Amino acid sequence: MRVVVSIGGSVLAPDLDARRVEGHAAVIERLAREGVELGAVVGGGGVARDYINAARDLGANEVQLDQIGIDVTRINARLLIAALGPKVDPKVAHDYEEAGDSIRRGDISVMGGVMPGQTTDAVAAALAEYVDADLLVYATSADGVFDADPNVDDSAQRYEELSASDLVDVIAPMSRDAGASAPVDLLAAKLIERSGMRTIVLDGTDPERIERAVMRGEHSGTDIIPDGTDDEPSYWAQR
Ligand SMILES: Nc1ncnc2c1ncn2[C@@H]1O[C@H](COP(=O)(O)OP(=O)(O)O)[C@@H](O)[C@H]1O
Ligand SMILES: O=c1ccn([C@@H]2O[C@H](COP(=O)(O)OP(=O)(O)O)[C@@H](O)[C@H]2O)c(=O)[nH]1
């Protein structure tokens with residue numbers, strides 16, 4: 001089974017904590033030992049937003065801010081690589097070909113950002129399509145996709161399931177400024193729709209939730225169902 005996991009910066013590095021990174025690395029290594037071929041994409045987190053906000057104050061434009069964010073995501077990628085054992089490619093993959101070559105060699109590949117105008121959500125969706133992944137998992141700081149920001153609106157309702165095209169409609173109105181928060185970005189939603197990629201959005205604060213979702217299909221987040229299919233997800237590692 002081949003899986004791409006997007007570990008949001010708000011989950012991996014809201015602040016710098018080696019034990020938190022270690023916890024995610026331990027789950028990734030356990031999945032690899034179970035024979036799951038893995039690509040991990042990590043976000044920028046709190047440090048990226050601090051740098052982006054400071055640079056915005058200095059008058060940087062959104063592309064320059066995105067470039068700063070990309071650099072921070074790649075530092076976080078190095079942090080995760082440092083916590084992973086010998087099966088990880090020690091080089092942060094800067095494009096999908098590099099990541100795909102690592103995964104096809106049987107290594108774990110870790111990416112950060114790739115280009116301005118998007119977030120690591122889009123990187124994970126593009127990588128999943130590029131390597132024909134069976135499953136794409138977004139480990140973020142909300143337990144799925146809601147009809148409003150659950151950390152702002154107490155009445156926000158979680159979608160248990162969303163079709164890929166409905167996901168695009170939910171995400172479309174959200175901000176695309178550098179450093180903006182959303183469960184997935186708009187480009188990611190469009191790539192998921194185009195590729196028909198089975199996708200889960202879940203709260204990855206506890207990395208073992210990622211493991212349960214991949215190995216047994218158990219999660220309390222949102223299943224993104226490819227348009228035109230309504231069959232029960234059948235991509236779990238243990239089926
Ligand atoms: N409709 C929504 N559904 C879920 N989360 C949302 C929604 N709108 C905004 N959010 C916010 O997006 C946050 C996740 O985005 P972000 O901070 O970029 O996380 P990540 O680090 O995973 O990229 C959630 O914690 C939540 O506060
Ligand atoms: O391919 C990418 C990935 C990231 N970013 C920039 O880096 C920031 C941090 O990345 P991300 O939002 O994915 O981090 P997270 O939300 O997971 O902390 C983004 O907001 C963008 O400004 C970008 O421009 N291109």
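Nothing here was measured: the structure is a model prediction, and the numbers come from that model. Whatever order the structure lists ligands and atoms in, that order sets their numbers, starting from 1. Positions are given from 1, in the same order as the sequence printed here.
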Undergrad: What protein heavy atom sits nearest atom 4 (C) of ligand 1, and how far off is it?
TA: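 For atom 4 (C) of ligand 1, the nearest protein heavy atom is Gly144 O, 3.4 Å.
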Undergrad: For atom 13 (C) of ligand 1, grab the closest protein heavy atom and report residue, atom and distance to one decimal in Å.
TA: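 Protein heavy atom with the smallest distance to atom 13 (C) of ligand 1: Ser141 OG, 3.9 Å.
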Undergrad: Ligand 2 and Asp121, any nitrogen or oxygen pair closer than 3.5 angstrom?
TA: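 Such a contact does not occur with ligand 2.
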Undergrad: I'd like to check whether Gly44 has a polar contact with ligand 2, where a contact means an N/O of the residue lying under 3.5 Å from an N/O of the ligand.
TA: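 Such a contact does occur with ligand 2.
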Undergrad: When you compare ligand 2 with Ala178, is there at least one nitrogen or oxygen pair between them that comes in under 3.5 angstrom?
TA: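 Looking only at distances, the answer is no, because the N/O contact criterion of under 3.5 Å is not met.
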Undergrad: Considering the heavy atoms of Asn151, write down every atom of ligand 1 situated less than 4.0 Å from one of them.
TA: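 Here the atoms of ligand 1 in question are 24 (C), 25 (O), 26 (C), 27 (O).
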Undergrad: Considering distance alone, does some N or O of Gly45 sit under 3.5 Å from an N or O of ligand 2?
TA: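 Among all N and O atoms of Gly45, at least one is under 3.5 Å from an N or O of ligand 2.
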Undergrad: Could you say whether the N/O atoms of Met115 and ligand 2 ever approach to under 3.5 Å?
TA: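 Met115 vs ligand 2: N/O contact under 3.5 Å present.
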Undergrad: Of all the heavy atoms in Pro183, does at least one lie under 4.0 Å from an atom in ligand 1?
TA: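 In this structure, Pro183 qualifies as a contact of ligand 1 - some heavy atom is under 4.0 Å.
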Undergrad: Could you list the atoms of ligand 1 found under 4.0 angstrom from a heavy atom of Arg49?
TA: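 Those atoms are 18 (O).
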Undergrad: How close do Thr120 and Gly113 get, counting heavy atoms only, and between which atoms?
TA: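 Scanning both residues, the minimum pair turns out to be CG2-N, 3.9 Å.
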Undergrad: Look only at interatomic distance and state if Gly113 has a nitrogen or oxygen under 3.5 Å from any nitrogen or oxygen of ligand 2.
TA: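 Such a contact does not occur with ligand 2.
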Undergrad: Can you tell me if Glu62 has a non-hydrogen atom under 4.0 Å from ligand 2?
TA: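 Checking ligand 2 against Glu62, which is what was asked, there is no heavy-atom contact under 4.0 Å.
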Undergrad: Check each of Asp71, Val42, Val114, Thr119 against atom 4 (C) of ligand 2 and report the one with the nearest heavy atom.
TA: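 Result: the heavy atom closest to atom 4 (C) of ligand 2 is in Thr119.
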Undergrad: Nearest to atom 11 (P) of ligand 2, what protein heavy atom do you find, and at what distance?
TA: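 Answer for atom 11 (P) of ligand 2: Thr120 OG1, 3.8 Å.
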Undergrad: Using distance alone, determine whether Asp66 and ligand 2 share an N or O pair under 3.5 Å.
TA: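 The answer is yes, given that Asp66 and ligand 2 share an N or O pair closer than 3.5 Å.
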Undergrad: Mind checking whether Ser6 contacts ligand 1 via backbone (N, CA, C, O), side chain (CB onward), both or neither, at a 4.0 Å heavy-atom cut-off?
TA: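 Neither part.
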Undergrad: Judging by distance only, is a nitrogen or oxygen of Arg49 under 3.5 angstrom from one on ligand 2?
TA: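 The answer is yes, given that Arg49 and ligand 2 share an N or O pair closer than 3.5 Å.
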Undergrad: Using a heavy-atom cut-off of under 4.0 Å, does the side chain or the backbone of Arg158 touch ligand 1, or both, or neither?
TA: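 It is neither; nothing of Arg158 touches ligand 1.
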Undergrad: Please check if the side chain of Arg158 supplies one atom and the backbone of Ser220 the other of a donor-acceptor pair under 3.5 Å.
TA: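 Side chain of Arg158 to backbone of Ser220: a pair is present.
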Undergrad: I want to check a possible cation-pi pair here: Arg104 against Tyr130, using under 6.0 Å from ring centre and within 45° of the ring axis as the test.
TA: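 Because its charged atom sits under 6.0 Å from the ring centre and within 45° of the axis, Arg104 does stack over Tyr130.
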Undergrad: Taking 4.0 Å as the limit for heavy-atom contacts, which would you say applies to Ala182 with ligand 1: side chain only, backbone only, both, or neither?
TA: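 Just the backbone.
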Undergrad: Hey, which atoms in ligand 1 end up nearer than 4.0 Å to a heavy atom of Gly8?
TA: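 In order of numbering, the contacting atoms are 20 (P), 21 (O), 22 (O).
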